[in-house]
Amino acid sequence: MQDTISAVTVDNKSVELAVKDGTIGPSVIDISKLYGQTGMFTYDPGFTSTAACESKITYIDGDAGVLLYRGYPIEQLAEHGDFLETCYLLLYGELPTAAQKADFDYRVTRHTMVHDQMNRFFQGFRRDAHPMAIMVACVGALSAFYHDSTDISDPQQRMIASMRMIAKMPTLAAMAYKYSIGQPFVYPQNDLDYTSNFLRMCFAVPCEEYKVNPVLSRALDRIFILHADHEQNASTSTVRLAGSSGANPFACIAAGIACLWGPAHGGANEAALKMLKEIGTPDRIPMYIAKAKDKNDPFRLMGFGHRVYKNYDPRARIMQKTTHEVLNELGIKDDPLLDVAVELEQIALKDEYFVEKKLYPNIDFYSGITLKAMGFPTSMFTVLFALARTVGWIAQWSEMIEDPSQRIGRPRQLYVGTPQRQYVTEAYRG
Ligand code: ACO
């Protein structure tokens, strides 16, 4: 869609730039011809004002606190649907009929096992390896196992690769966990639903019967829905950039996992839980609020603030409700971490600093408490995020591959280093 023309003046020269309108949300100024017309680039570190693509998948209104997958509000999807329904929606653009859903569930389920030689791959890691390190390696290694789904020009191969990744992520994630605690791997059991199967692979042992708790399974499934996509965030942009060179989808998703690992992104729930533990008791909260506000102190309230949401993160509200459900189900009446979290949230929401900067709790503020109560160690939190986000990465990657205007991604720079100079031999230096 190309609606209007905007005129800007650069170096006293008037340049006309096209303005493109989306269906909702801010319009964009098309600057793709700017360099040709003016000899200048735009400067936007962190891409805070730059749209890198057109997309039909996910929409966020950060000021209003709205998140839509293919037009559907996250609250409705989390309340009424399951994770595989969300996967179908993100991949195909529409909610499935009952027959389509049954077929999709069947196709995903058929791919849950990993190549048996993958087990040997695991043996190469130290037992204390971070499971995210294992995930980066093993997901990347899938391209060495499934040669029949790495040709990105073939839509059929792209779809098989997508199914494989959605299906195998829980298996690999559970294997990474089992390996770290020295327990045998538990094979998938395909008569269980996606999330129950994952819980069983994580927590069952061969010497005992394991019954999946349906309340916990539903709660985790909802957490997966909340994390499934979030438009052009750092890891998704990484997947798109890696994919823009024509790299195979397994390698691209491995790149996304690597990016997600950082504490400012997927690692924030681990960091938020660590912070709540460090605070320890509600009476110490004011001290940490003061640290967060101190410009000379690098401390930040983890689980607070978001690049896009300048309002309550809609996922945080659902997450908070899910936390209470899980703690009730597990009979955890008094969780000191939850006490600190609730109190901290109340204080921060009224504090001038946080109000003025529009810093609200994000999804990670409560997810750590919930996952910990379910029995996951903190090192697995980001792995669960990666598992859920895989479908978003794949949907965005597919959209990019199918876009005829797609080109290799190549940002420009403002060079501030030394201008050209002559090489001098060692004897004349210093
Ligand atoms: N605690 C205290 N101050 C904060 C916080 C925080 N959590 N977040 C932002 N600020 C302050 C900054 O110091 C800055 O202040 P200034 O304008 O006086 O310099 C201002 O708010 C803007 O912060 P930026 O870092 O410029 O905002 P940006 O949009 O780049 O960062 C981010 C967003 C990285 C999420 C940031 O809010 C943060 O570090 N939060 C804590 C980590 C976290 O929870 N990450 C999870 C993100 S959600 C996700 O990935 C699923």
Side-chain angles (χ1 to χ4, degrees), residues 44-50 58 60 62-63 65 67 69 74 78 132 222-239 256-279 285-320 322 340-341 344-345 347-371 378 381-393 396:
D44 184 20
F47 310 115
T48 52
S49 294
T50 299
T58 294
I60 303 173
D63 293 324
L67 169 61
Y69 292 165
I74 188 70
M132 279 300 271
R222 201 180 299 134
I223 292 173
F224 289 164
I225 294 174
L226 300 182
H227 286 89
D229 195 41
H230 215 224
E231 54 119 303
Q232 310 311 319
N233 56 83
S235 57
T236 302
S237 301
T238 302
V239 170
I257 297 173
C259 177
L260 187 74
W261 194 358
H265 192 7
N269 52 13
E270 194 174 333
L273 192 72
K274 201 165 145 241
M275 176 195 74
L276 293 174
K277 279 185 187 158
E278 192 184 312
I279 298 176
I285 292 173
M287 187 172 100
Y288 281 86
I289 294 268
K291 271 166 75 64
K293 288 155 64 170
D294 183 354
K295 279 260 153 276
N296 301 316
D297 191 326
F299 176 79
R300 281 187 171 201
L301 274 195
M302 298 315 284
F304 260 78
H306 196 275
R307 171 58 62 79
V308 181
Y309 293 117
K310 302 302 170 196
N311 197 327
Y312 213 100
D313 178 343
R315 304 166 304 168
R317 282 190 208 287
I318 309 168
M319 197 64 238
Q320 190 188 35
T322 305
V340 174
L344 179 61
E345 179 183 349
I347 294 176
L349 286 177
K350 287 189 205 112
D351 189 287
E352 205 182 309
Y353 174 93
F354 291 89
V355 173
E356 191 199 309
K357 294 187 188 301
K358 299 189 177 165
L359 298 169
Y360 292 84
N362 58 50
I363 186 170
D364 294 318
F365 191 63
Y366 282 102
S367 61
I369 299 175
T370 321
L371 298 175
T378 45
F381 292 178
T382 319
V383 175
L384 300 182
F385 190 163
L387 186 169
R389 184 55 60 84
T390 296
V391 65
W393 289 329
Q396 300 271 353

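Counting starts at 1 for both ligands and their atoms, following the listed order.
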Report all N/O contacts between ligand 1 and the protein shorter than 3.5 Å as a table of atom names and distances to 0.1 Å; if there are none, say 'none'.
unit_1   : atom_1 : unit_2 : atom_2 : d
ligand 1 : 1 (N)  : L301   : N      : 3.1
ligand 1 : 3 (N)  : Y353   : OH     : 3.0
ligand 1 : 7 (N)  : L301   : O      : 2.7
ligand 1 : 7 (N)  : F304   : O      : 3.0
ligand 1 : 13 (O) : R300   : NH2    : 3.4
ligand 1 : 18 (O) : K295   : NZ     : 2.8
ligand 1 : 18 (O) : K357   : NZ     : 2.8
ligand 1 : 19 (O) : K295   : NZ     : 3.4
ligand 1 : 25 (O) : R300   : NH1    : 3.0
ligand 1 : 25 (O) : R300   : NH2    : 3.0
ligand 1 : 29 (O) : R307   : NE     : 3.0
ligand 1 : 30 (O) : R307   : NE     : 3.3
ligand 1 : 30 (O) : R307   : NH2    : 2.8
ligand 1 : 39 (O) : R300   : NH1    : 2.9
ligand 1 : 40 (N) : F304   : O      : 2.9
ligand 1 : 44 (O) : G303   : N      : 2.8
ligand 1 : 44 (O) : N362   : ND2    : 3.0
ligand 1 : 45 (N) : A264   : O      : 3.4
ligand 1 : 50 (O) : H265   : O      : 3.2
ligand 1 : 50 (O) : H265   : ND1    : 3.2

Option from D229, T58, T236 for which side-chain hydrogen bond (donor to acceptor under 3.5 Å, both in side chains) with Q396 holds: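 The passing option is D229.
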Value rounded to 0.5 Å, distance of CZ in R307 from CD in Q232: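 Rounded to the nearest 0.5 Å, the CZ-CD separation comes out at 14.0 Å.
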Interatomic spacing from CD1 in I363 to CG in L226 - rounded to 0.5 Å: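 Result: 4.5 Å between the selected atoms.
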With sequence neighbours excluded, residues passing ring pair (Phe, Tyr, Trp, His ring centres under 6.0 Å) with Y353: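 Residues passing ring pair (Phe, Tyr, Trp, His ring centres under 6.0 Å) with Y353: none at all.
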Counterpart residues, ring pair (Phe, Tyr, Trp, His ring centres under 6.0 Å), relative to H306 (two or more places apart):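 Listed in chain order: H230, Y309.
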Just distance, no hydrogens or angles: give the donor-acceptor pairs under 3.5 Å from side chains in residues 262-273, sequence neighbours left out.
unit_1 : atom_1 : unit_2 : atom_2 : d
H265   : NE2    : N233   : OD1    : 3.4
H265   : NE2    : S235   : N      : 3.2
H265   : NE2    : S235   : OG     : 3.0

